[in-house]
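Data block below; observations after.
Sequential numbering from 1 along the given sequence is applied to the chain's residues. Everything numeric in this text was worked out from a predicted model, so none of it was measured. Just follow the structure's listing: the first ligand is 1, and inside any ligand the first atom is 1.
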Amino acid sequence: MRTWALLLVALSLLAGCTKEEEAAKQDDDKIVIALLPKQKGVPYFTSCYEGAAQAATDLGNVEVRYDGPTDGSPEQAAEMIEKWVLKGVDVIAVSCNDPAVLSPVLKRAREKGVKVITWDADADADARDFFVNQATAQQIGYGLVDAMAKDLGGVAAKGDVAIVTARLTAANQNAWMEHMRERLKTYPGLKLVATKPSNEDQKLAHDVTSDLIKAYPNLKGVFAITSVAFPAAAEAVEKAGKSGTVFVTGLSTPNTMKDYVHSGTVRSVLLWDTRDLGYLTIEVAVALAKGELKSGATSFTSRRLGECKIEGDNVLLGDPLVFTKDTIDDYDF
Ligand code: RAM
């Protein structure tokens, strides 16, 4: 076989080898992030995942494994986390439905060298490196009460109000409610008469709201503070023929709430850009895995969002957004 032919064969083998080596190195360098929502299938979380997937594409050599319990079970979430640790993922990013159940599992994951962050809903502080928080609990709690009070006439607002929350173990809703109770003190005419869980279950949220309307004839406002409960509560108010009499304010995506805003049942919808929350979560996870983000940092530079403040170990997405009849159609998520 002629020398140049042999040379060609050797070169292509060499090229082949380096290609394989490159691919193997690329694979080694790949950062694998397990992303767990409180409840898979909830549009709010699906939208967060959209942003997360985009971040993985933009950052390159990042794999996001998105999975979670479809019924929101913290126990099932704990099992998933343990499996991910065994599979050797680099980072676990969790939205917790029950810190008491998930914190011990997350601590064990950290002991095994896995980086852990929380997003949307926190765990115990010693169970994770950072919490990617959509906005401070005070901003969200105060924002909800001020929006409701404004819709009910401002400081002179009068009447009974009630809260439909998520699972009673959810740290994010519990933190928001603390600030809501605090803020309600500045509106002496508004009386908080009940707080009911709805476990991210649409039917339960609907029935709970119907019962509240029957039980409290002087009910003027319902705070529905989960993205699942808010449309359900608005539906219940409309079904009870109380649209415009009992106002519903809460947290959900603009696409979910547009019809209720245009029908007049809802005047204010609060939230944050869910895609940006997912995006920032992956950026923080990657920076942590690469050792580029350390505790004590006071800000984080996002390629999409710019400078994000870090307060303690909370990486903050930004201020909450308020959508009204005049603005809600400007948004599509
Ligand atoms: C539900 C979940 C989530 C919360 C939103 C507003 O989707 O409870 O944790 O942030 O509502």
Between atom CH2 of Trp176 and atom CD1 of Ile163, what is the distance when rounded to the nearest 0.5 Å? 12.0 Å
Under 4.0 Å from ligand 1, counting heavy atoms only, is it the side chain of Phe230, its backbone, both or neither? neither
Heavy atom under 4.0 Å from ligand 1: found in Asn172's side chain, backbone, both, or neither? side chain
Quick check: Trp176 and ligand 1, any N/O pair under 3.5 Å apart? no
Give the numbers and elements of all ligand 1 atoms closer than 4.0 Å to a heavy atom of Gln134. 10 (O)
Out of all atoms in ligand 1, which are within 4.0 Å of some heavy atom of Asp120? Include the element for each. 3 (C), 4 (C), 9 (O), 10 (O)
Are Ile225 and Val266 connected, step by step, through hydrophobic side chains (Ile, Leu, Val, Met, Phe, Trp, Tyr) whose heavy atoms are closer than 4.5 Å? yes
Assert yes or no for the condition that the ring centre distance of Phe333 to Trp272 is strictly below 6.0 Å. no
Report yes if Glu200 has an N/O atom closer than 3.5 Å to an N/O atom of ligand 1; otherwise report no. yes
Closest protein heavy atom to atom 11 (O) of ligand 1, given as residue, atom name and distance to 0.1 Å: Ser227 N, 2.8 Å
Got an N/O contact under 3.5 Å between Thr226 and ligand 1? no
Checking the N or O distance criterion of under 3.5 Å, is ligand 1 in contact with Ser95? no
Report, in ascending order of atom number, the atoms of ligand 1 lying under 4.0 Å from any heavy atom of Trp272. 10 (O)
